[in-house]
K.L.:
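Can you read through this structure? Questions will come right after.
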Amino acid sequence: MLYGLPKPFRLHLKKDFEAIIRNAYRLQGEGMVIWWRPSSYPGARTRLGIVVSRKLGGAVVRNRVKRLLRESFRLNREKLKPGTDLIVSPRSSEILADVHSAQRALLALCGKAGILHSSDNL
RNA sequence: UACAACAGCCCAGAUAGCCGCUCCCGGCCGUUUUAGGCUUAGGGGGAGGAACUUCCGGACUCCACAAGGCAGUGCGCCGCCCGAAAGGACGGGACGACGGGGCCAUAUCACCCCGUUGGACGGAAAGUGCAACAGAAAACAAACCGCCCGCAAGGGUAAGGGUGAAAAGGUGGGGUAAGAGCCCACCGCGUUUGCGGCAACGCAAACGGCACGGUAAACCCCGCACGGAGCAAGGCCAAGCCGGUCCACACGCUGCCCGCGUUCGUGACCAAGUAGGCCGCUUAGAGUAAUGGCUAUCCCGGCCCGCAAGGGCUGACAGAAUCCGGGGUAUAGGCUGUUAAAAAAC
RNA sequence: UCCGGGAUGGUGUAAUGGUAACACGGAUGCCUCUGGAGCAUUAAUUCUAGGUUCGAGUCCUAGUCCCGGAA
């Protein structure tokens, strides 16, 4: 399954979020911030977590931003090095108006972070 | 004929393909049993009219509780209907605002009639409080100017002046030293009676002779209702740590038995319960929390370009988390009604 | 999700229903050779919209925004 995004590819425990953010690399790009960390044990899956502040908007806006980010991650998961825990936190809803610009912004940041496969370098 | 505001009702784009998510049934893998994983057979369910707000009411759960009372909070014209309640629908009555008409020689106010419209519309004759500034005086009345009597001292007087949101019945006549419900008529107010109405209330008559101004979304009084917390309620399972009982061994009281005490234990059992899990939980039912993305065609509305054919852009408010019933607020589009008659255009 | 609390000049706070007050800061002027200090002046939709009242920052209703608590 190339493009699926079932549960094990997602971060969903508060402990995980806190552990990753406490000792992870952090990088700010246009409209979003990412934290990432190589997973501690081998063979781990690439996992995604999304943090959206209430300052970004109402429930509709926050849900939409999360869906677009999840979609962007899902379509580009194979480009990331496996076993990376990644947390994305958008800071502006304008950069994430549609799925194309969301993908562009996410890939640009991941490229800067050096967690893409070398063959897919931008 | 259109725009707009308000009110009521309807609706909340459709179909197909591909890539995904979530839950249930089924299947497969795995496991001693669980846990878990996969969809390599398949099948089915998956946001709203407001899911928003958390302003009311209820179900449900736990806590408290003899009866009763106090305090506190909420509600408050009348009738009838719906509802478990909150609340809502319809009709009616007083009051206020606005418009029109009447009364009058004309006309303001007042009063009467009609229409439209508004709403937390019990009580100010149980008590307490409040009323800035202005004004003589702001509530058992009072005398600044004025008027009258008087030589004066002093007294009488609420008609007139001016202040104020509000000044102690109004208008007219009589009366008087000047005045005044002091007297009279009409109106207002109050009481009683009668009549109409289920009632709120209305009408009439008699009597009173003006006391009894406003404010209760001030305290309060009257009537009615209400115990408190909320699914992060509450319940079940339960690592680790801590605790208790028993058992075995050792030591001590003591040389022995019994008894008691202490320490230790890959020992047994128990209680409480943290992390964590499960139930509560749903014909949507999660726990970083699903209901999405892309493409095509069509539909409805709007904007722009174009003589036209057509082309391009764009689509409202907002997203379940225990569940129901209401109130309030936000909304693209459609229909109906009101403002509403004019002006403007034809 | 379920409960509380609040909003007043630029900032922090006051105000029995009756002229919106105080401190710091800002601006302008005076004083001084200049600056500081000092003195004077100045600036408010009391979050918004309705209502009660003669009169509302205060009372009532609805809304907006902010803060806090409960795994």
Side-chain angles (χ1 to χ4, degrees):
Chain A
M1 204 59 312
L2 224 70
Y3 294 117
L5 189 67
K7 258 184 186 168
F9 293 89
R10 283 181 262 157
L11 293 166
H12 52 103
L13 289 177
K14 191 172 178 60
K15 281 192 304 190
D16 290 342
F17 276 82
E18 284 171 353
I20 291 168
I21 287 181
R22 198 176 306 118
N23 45 27
Y25 302 98
R26 177 176 180 278
L27 193 63
Q28 181 159 4
E30 84 179 304
M32 63 176 77
V33 176
I34 63 170
W35 290 266
W36 78 94
R37 189 183 69 167
S39 204
S40 42
Y41 53 98
R45 297 185 166 95
T46 307
R47 296 191 296 175
L48 172 72
I50 304 174
V51 178
V52 187
S53 161
R54 287 183 70 180
K55 286 176 187 166
L56 217 63
V60 174
V61 173
R62 295 202 305 275
N63 263 338
R64 171 143 190 90
V65 164
K66 282 198 274 186
R67 282 169 186 152
L68 289 175
L69 280 175
R70 209 181 302 125
E71 188 74 6
S72 305
F73 177 81
R74 179 175 77 80
L75 295 172
N76 297 287
R77 202 186 79 227
E78 293 299 311
K79 296 181 184 171
L80 291 167
K81 289 178 180 169
T84 304
D85 288 335
L86 178 70
I87 295 178
V88 182
S89 179
R91 293 295 150 94
S92 150
S93 58
E94 293 165 14
I95 195 73
L96 302 162
D98 63 287
V99 75
H100 300 296
S101 58
Q103 276 192 62
R104 239 190 339 270
L106 184 64
L107 283 177
L109 257 181
C110 291
K112 268 170 83 177
I115 52 176
L116 296 178
H117 281 302
S118 48
S119 57
D120 290 320
N121 270 347
L122 296 176

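Bear in mind the structure is a predicted one, so any value in this text is a computation, not a measurement. Chain identifiers are assigned alphabetically (A, B, ...) following the order of the sequence lines, protein sequences preceding nucleic acid strands; residue numbering begins at 1 within each chain.
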K.L.:
With C1' as the reference atom in both, quote the distance from B:A204 to B:U171 in angstrom, rounded to an integer.
P.N.:
24 Å
K.L.:
Measuring from A:Ile50:CD1 to A:Ile87:CD1, what's the distance to the nearest 0.5 Å?
P.N.:
10.5 Å
K.L.:
Give each stem of RNA chain C as a range with a range, requiring at least 3 consecutive Watson-Crick or G-U wobble pairs whose two distances are under 3.5 Å.
P.N.:
C:1-7 with C:64-70, C:10-13 with C:21-24, C:26-30 with C:38-42, C:47-51 with C:59-63
K.L.:
What is the distance from CZ of A:Phe73 to C1' of B:G292, rounded to the nearest Å?
P.N.:
16 Å
K.L.:
Are A:Tyr25 and A:Leu109 connected in a single hydrophobic cluster, I mean Ile/Leu/Val/Met/Phe/Trp/Tyr linked by side-chain heavy atoms less than 4.5 Å apart?
P.N.:
yes
K.L.:
Among all residues two or more places apart in sequence or in another chain, which pass the side-chain contact (heavy atoms from CB on, under 4.5 Å) test with A:Ser89?
P.N.:
A:Trp35, A:Val51, A:Arg91
K.L.:
Once you apply the 3.5 Å cut-off to both distances, tell me the Watson-Crick or G-U wobble partner of B:A204, or none.
P.N.:
B:U193
K.L.:
Got A:Lys66 and A:Arg70 here, is their nearest side-chain heavy-atom distance under 4.5 Å?
P.N.:
yes
K.L.:
For B:C242 and B:U266, measure between their P atoms and round to the nearest Å.
P.N.:
16 Å
K.L.:
Closest heavy-atom contact between A:Gln28 and A:Lys112?
P.N.:
O-NZ, 4.4 Å
K.L.:
Which value, in whole Å, describes the distance between the C1' atoms of nucleotides C:G57 and C:A7?
P.N.:
11 Å
K.L.:
Quote, to the nearest angstrom, the C1' distance that separates B:C60 from B:C219.
P.N.:
41 Å
K.L.:
Between B:G214 and B:A167, how far apart are the two P atoms, rounded to whole Å?
P.N.:
12 Å
K.L.:
Side-chain N or O of A:Arg70 less than 4.0 angstrom from OP1 or OP2 on B:G293?
P.N.:
no
K.L.:
How far does the P atom of B:G188 sit from the matching atom of B:G96, given to the nearest Å?
P.N.:
14 Å
K.L.:
Rounded to the nearest 0.5 Å, what separates atom CG in A:Asp85 from atom CZ in A:Arg47?
P.N.:
4.0 Å
K.L.:
Checking understanding here: a glycosidic angle within 90° of 0 is syn, the rest anti, so what is B:A47?
P.N.:
syn
K.L.:
Applying a 3.5 Å limit to both distances, which nucleotide forms a Watson-Crick or G-U wobble pair with B:U297?
P.N.:
B:A14
K.L.:
Can you tell me how far CD of A:Gln103 sits from CG of A:Leu68, rounded to the nearest 0.5 angstrom?
P.N.:
10.0 Å
K.L.:
Hunt down the Watson-Crick or G-U wobble partner of B:C313, both distances under 3.5 Å, from any strand shown, or write none.
P.N.:
B:G302
K.L.:
Partner lookup for B:A268, please. Criteria are Watson-Crick or G-U wobble with both distances under 3.5 angstrom; report none if nothing qualifies.
P.N.:
B:U245
K.L.:
I need the CZ-C1' distance between A:Arg74 and B:C21, as an integer number of Å.
P.N.:
9 Å
K.L.:
In the structure shown, which nucleotide is the Watson-Crick or G-U wobble counterpart of B:G72, with both distances under 3.5 Å?
P.N.:
B:C226
K.L.:
Measure from the side chain of A:Ala59, starting at C-beta and using heavy atoms only, and say which of B:A318, B:A320, B:G292 lies closest.
P.N.:
B:A320
K.L.:
Please determine, for B:U338, whether a Watson-Crick or G-U wobble partner exists with both distances under 3.5 Å, and give it or none.
P.N.:
B:A5
K.L.:
Provide a list of protein-nucleic acid N or O atom pairs under 3.5 angstrom, restricted to nucleotides 64-71 of chain C.
P.N.:
none

K.L.:
Please classify the glycosidic conformation of B:G181 as syn (within 90° of 0) or anti (everything else).
P.N.:
syn
K.L.:
Provide the distance between the two P atoms, one in C:A70 and one in B:A275, to the nearest whole Å.
P.N.:
14 Å
K.L.:
Can you tell me the distance, in whole Å, between the CD1 atom of A:Ile50 and the P atom of B:G292?
P.N.:
16 Å
K.L.:
Could you measure between the two C1' atoms, the one in B:C98 and the one in B:A137, and give it in whole Å?
P.N.:
37 Å
K.L.:
How many Å lie between CG on A:Leu68 and P on B:G20, as a whole number?
P.N.:
18 Å
K.L.:
Can you check the A:Glu71 CD to B:G292 P distance for me, whole Å?
P.N.:
11 Å
K.L.:
Hunt down the Watson-Crick or G-U wobble partner of B:C98, both distances under 3.5 Å, from any strand shown, or write none.
P.N.:
B:G115
K.L.:
Closest approach of A:Phe73 and A:Leu106, non-hydrogen atoms and distance?
P.N.:
N-CD2, 4.0 Å
K.L.:
Here's a test of your reading of the structure: between A:Lys66 and A:Val60, which maps to the more 5' nucleotide of RNA chain B?
P.N.:
A:Lys66
K.L.:
In the structure I gave you, are the side-chain heavy atoms of A:Val33 and A:Arg26 within less than 4.5 Å of one another anywhere?
P.N.:
yes
K.L.:
Quickly work out the A:Arg62 CZ to B:A321 C1' distance and round it to whole Å.
P.N.:
14 Å
K.L.:
Using O4'-C1'-N9-C4 for purines and O4'-C1'-N1-C2 for pyrimidines, with syn meaning within 90° of 0, is C:G38 syn or anti?
P.N.:
anti
K.L.:
For A:Trp35 and B:U288, give me the distance from atom CH2 to atom C1', rounded to whole Å.
P.N.:
14 Å
K.L.:
Can you check the A:Arg64 CZ to B:A316 P distance for me, whole Å?
P.N.:
11 Å
K.L.:
My understanding is that a pair needs two contacts under 3.5 Å, Watson-Crick or G-U wobble. By that rule, which nucleotide pairs with B:C186?
P.N.:
B:G170
K.L.:
Is there any protein nitrogen or oxygen under 3.5 Å from a nitrogen or oxygen in nucleotides 46-52 of chain B, and what are the pairs?
P.N.:
none

